[in-house]
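Everything below concerns the one structure shown next.
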Amino acid sequence: MDFSLNAEQQLLKDSVDKYMSERYDSEQRRSYLAAPKGFSAAVWQDFGNLGWLTVPLPESEGGFGGSVVDTAVLMEAMGRSVAVEPYLATVLLAGQLIANGDNATLKERYLPDILSGNCQAAFAYQERRSRHQLDAIDCQLERNGDGYSLNGHKTLVLNGAIADVLIVTAWLDESIALFAVPANSAGVHCDAFRLMDGQGVANVRFDAVQLPRENLVCAGAGSMALIRRVLDEATIAVSAQAVGAMEYLLKATVDYSNTRKQFGQPIGKFQALQHRMVDMYTATEQCRSLLVRALCSNSIEQGDVQTQAQAEMDIAALKAMVGKHGRAVAEEAVQIHGGMGVTEELNIGDYLKRLMVIDSLFGDQDWQRRRFATLRYQ
């Protein structure tokens with residue numbers, strides 16, 4: 001079987017790699033993080049101008065109509081530079097939910113601005129007791145005349161502090177619904193902070209937020225299926241980002257070992273360090289192989305329950321191994337670089353922090369192992 005990229009995917013990879021090599025050295029990245037929004041508005045606008053914001057969204061909604069493979073190619077390239085722009089939150093989560101929802105009015109209202117880079121969005125679905133269980137929700141929507149009243153809390157909302165619109169999960173009658181909540185609505189309160197890798201998140205409280213009926217993205221049985229599909233594809237995307245980061249760390253560590261001298265020779269000649277770098281290579285390639293498997297199983301039509309279960313198992317295995325090996329590769333890189341590995345003079349510590357955050361997103365390695373076991377033996 002041929003696992004190589006097609007011409008369009010190779011062109012996408014080359015264009016992202018070229019752009020990132022020019023705009024994303026460690027000093028530039030830190031300046032982007034120091035900006036008021038936590039990323040560069042100019043870089044984000046470039047993403048829109050280059051068409052990268054359109055990649056995963058359907059052609060019917062003005063997007064490129066790319067596959068999960070196209071998204072993985074893009075995210076892996078971003079992982080090699082530890083990009084700080086909110087591509088995951090705005091495009092892969094909130095944007096996909098709007099684009100694949102049932103509300104044509106919301107698509108016309110938000111998607112053109114998301115695709116052009118003029119709208120920030122976020123998906124608010126986690127709560128304090130959720131522990132990655134999608135139906136562990138306390139947020140409630142109550143009917144109020146021709147509209148609804150929203151009450152509840154959401155935690156760790158990626159991009160929540162600066163989002164123009166929040167896509168929120170809440171109980172409506174006996175099922176989970178998705179609602180678009182303008183961030184400037186009365187009763188929306190955000191407590192903003194940053195994760196260890198600098199990404200902006202927020203805890204959000206909704207106090208009797210009044211919403212019109214036309215803000216309903218999706219309701220009924222289709223809502224949970226849509227949420228699961230979007231989160232599964234996002235899990236593959238962040239895993240691809242992790243593989244890109246691991247690839248960078250391996251290369252940077254090998255290069256450093258060939259220039260750093262101790263006892264009159266490069267430390268890369270020491271057999272003990274060679275063994276450790278081989279372990280880094282093996283872990284990176286194992287994660288890449290699992291990424292390819294997950295991409296293959298999630299690129300075909302899910303015609304039966306068994307095929308769907310296998311696709312979900314592949315995602316769980318990928319995420320679990322990325323969580324385990326990603327952190328291990330980053331820690332080895334820090335160790336081989338010595339104390340320099342966690343100073344601002346080098347960017348190795350930035351990759352370690354990002355990989356630790358990726359492990360926690362959408363279920364850490366322990367949670368994904370339990371998910372895999374449940375799917376395997378159900």
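Quick caveat, the model's predicted, so the values are computed rather than measured.
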- Would you kindly confirm whether L88 and V55 end up in one hydrophobic cluster when ILVMFWY residues are joined by side chain heavy atoms under 4.5 Å apart? yes

- Judged by modelled atom types alone, do T282 and D279 share a side-chain donor-acceptor pair under 3.5 Å? no

- Message: Tell me whether D191 is salt-bridged to R205, with the criterion being a basic N under 4.0 Å from an acidic carboxylate O.
- Response: no

- Task: With side chain to side chain donor-acceptor pair (under 3.5 Å) as the test, would you mind laying out the steps for Q199 and D197 before giving the verdict?
- Result: CA-CA 6 Å; Q199 289 188 84; D197 66 342; 2.7 Å; yes

- Message: Working to the nearest 0.5 angstrom, can you tell me the gap between Q96 CD and I114 CD1?
- Response: 10.0 Å

- Query: Is L291 close to V322 at the side-chain level, that is, under 4.5 Å between some pair of heavy atoms?
  - Reply: no

- Does V43 share a hydrophobic cluster with V91, counting links as ILVMFWY side-chain heavy atoms below 4.5 Å and allowing steps through other members? yes

- Between K251 and E247, is there a side-chain N and carboxylate O pair less than 4.0 Å apart? no

- Message: Within a 6.0 Å radius of atom OH on Y19, are there more than 12 heavy atoms belonging to other residues, nucleotides or ligands?
- Response: yes

- Message: Quick check for you: to the nearest 0.5 Å, what is the distance between T54 atom OG1 and L111 atom CG?
- Response: 11.5 Å

- Message: Looking at R109 and D164, is there a salt bridge between them, counting it only when a charged N and a carboxylate O are closer than 4.0 Å?
- Response: no

- Please examine the side chains of V73 and Q10, heavy atoms only from C-beta on, and report whether any two atoms are closer than 4.5 Å. no

- Query: What about Y110 and V168, same hydrophobic cluster or not, with Ile/Leu/Val/Met/Phe/Trp/Tyr joined at side-chain heavy-atom distances under 4.5 Å?
  - Reply: no

- Message: Any heavy-atom pair between the side chains of D364 and W367 that's under 4.5 Å?
- Response: yes

- E214 side chain to N103 backbone, donor-acceptor under 3.5 Å: no

- Cluster question for you: counting only ILVMFWY and a side-chain heavy-atom cut-off of under 4.5 Å, with indirect links fine, are I98 and L231 together? yes

- Is there a donor-acceptor pair under 3.5 Å between the side chain of S116 and the backbone N or O of D113? yes

- Task: Report the C-alpha separation of T235 and D232 in whole Å, then their side-chain angles, then the decisive distance to 0.1 Å, and conclude whether the side chain to side chain donor-acceptor pair (under 3.5 Å) test is met.
- Result: CA-CA 5 Å; T235 301; D232 278 347; 5.0 Å; no

- Item | Distance (rounded to the nearest 0.5 Å) between N151 CG and H153 NE2 | 9.5 Å

- Step by step, would you call E76 with R288 a side-chain contact (heavy atoms from CB on, under 4.5 Å)? CA-CA 10 Å; E76 185 177 335; R288 182 175 295 283; 2.8 Å; yes

- Message: Surrounding CZ of R129 (heavy atoms of other residues, nucleotides or ligands, distance under 6.0 Å), is the total greater than 12?
- Response: yes

- Hey, what do you get for CG (N203) to NZ (K154), rounding to the nearest 0.5 Å? 12.0 Å

- Message: Contact between W171 and I176 at the side-chain level, heavy atoms closer than 4.5 Å - yes or no?
- Response: yes

- Do E142 and Y148 come within less than 4.5 Å of each other through their side chains, counting heavy atoms only? no

- Query: Do the side chain of Q9 and the main chain of N6 share a donor and acceptor less than 3.5 angstrom apart?
  - Reply: yes

- Message: Under the criterion side-chain contact (heavy atoms from CB on, under 4.5 Å), I'd like the reasoning laid out for E85 against W52: C-alpha separation, chi angles, the key distance, then a yes or no.
- Response: CA-CA 12 Å; E85 281 66 37; W52 298 344; over 6 Å; no

- Task: Please confirm whether the backbone N or O of F263 pairs with a side-chain atom of Q265, one donor and one acceptor, at under 3.5 Å?
- Result: no

- Can you measure from NZ (K107) to CG (N100) and round to the nearest 0.5 angstrom? 7.0 Å

- Taking S67 for its side chain and V69 for its backbone only, find out whether a donor-acceptor pair lies under 3.5 Å. yes

- Taking the inter-plane angle between the rings of F47 and Y87 on a 0 to 90° scale, is it parallel (under 30°), tilted (30 to 60°) or perpendicular (over 60°)? perpendicular

- Task: Indicate the atoms forming the closest heavy-atom contact of P36 with R194, along with that distance.
- Result: O-NH2, 4.4 Å

- Task: Indicate yes or no: does R327 engage D359 in a salt bridge with an N to O separation below 4.0 Å.
- Result: no

- Query: Which pair of heavy atoms, one from I336 and one from Y256, lies closest together, and at what distance?
  - Reply: O-CE2, 3.6 Å

- Query: Within the distance-only criterion (no hydrogens, no angle test), does the side chain of N144 pair as donor or acceptor with the backbone N or O of G147 below 3.5 angstrom?
  - Reply: no

- Query: Considering only heavy atoms from C-beta outward, does the side chain of L226 approach that of L97 to under 4.5 Å?
  - Reply: yes

- Under 3.5 Å: donor-acceptor pair, side chain of R354, backbone of A245: no

- What do the steps show when you test Q28 against D25 for side-chain contact (heavy atoms from CB on, under 4.5 Å), and what is the final call? CA-CA 5 Å; Q28 289 171 313; D25 61 32; 3.2 Å; yes

- Return the minimal non-hydrogen interatomic distance between Q120 and P86, and the atom names on each side. OE1-CG, 3.2 Å

- Note on the structure: The reported gap from OH in Y125 to CG in L158 (rounded to nearest 0.5 angstrom) is 7.5 Å

- Query: Where do A177 and S223 come nearest, in terms of heavy atoms and distance?
  - Reply: CA-OG, 4.1 Å

- Query: Which residues pass the salt bridge (charged side-chain N to carboxylate O under 4.0 Å, His left out) test with R276, sequence neighbours left out?
  - Reply: E332

- Where do R23 and D46 come nearest, in terms of heavy atoms and distance? NH1-OD2, 3.1 Å

- Closest approach of H325 to C287 (non-hydrogen atoms, all atoms of both residues): CB-SG, 3.8 Å

- Query: Is any side-chain heavy atom of I348 less than 4.5 Å from a side-chain heavy atom of L352?
  - Reply: no

- Task: Fit a plane to each ring of Y32 and Y24, take the angle between them on a 0 to 90° scale, and name the class: parallel (under 30°), tilted (30 to 60°) or perpendicular (over 60°).
- Result: perpendicular

- Message: Side chains of E312 and Q308 only: does a donor on one sit below 3.5 Å from an acceptor on the other?
- Response: yes

- Message: Could you check whether atom CG of D146 has more than 12 heavy atoms from other residues, nucleotides or ligands sitting under 6.0 Å from it?
- Response: no

- Can you check whether L57 reaches L115 side chain to side chain, under 4.5 Å on heavy atoms? yes

- Can you tell me if T155 and Q126 form a side-chain donor-acceptor pair at under 3.5 Å? no

- Is the shortest distance from a Lys or Arg side-chain nitrogen in D138 or R128 to a carboxylate oxygen in the other one below 4.0 Å? no

- Check the hydrophobic clustering (I, L, V, M, F, W, Y; side-chain heavy atoms under 4.5 Å; chains of links allowed) and say if L166 and V230 are grouped together. no

- Task: Walk me through it: do F123 and V157 pass the test side-chain contact (heavy atoms from CB on, under 4.5 Å)?
- Result: CA-CA 7 Å; F123 180 32; V157 181; over 6 Å; no

- Query: Heavy-atom count around E8 CD within 6.0 Å, excluding the residue itself: above 12?
  - Reply: no

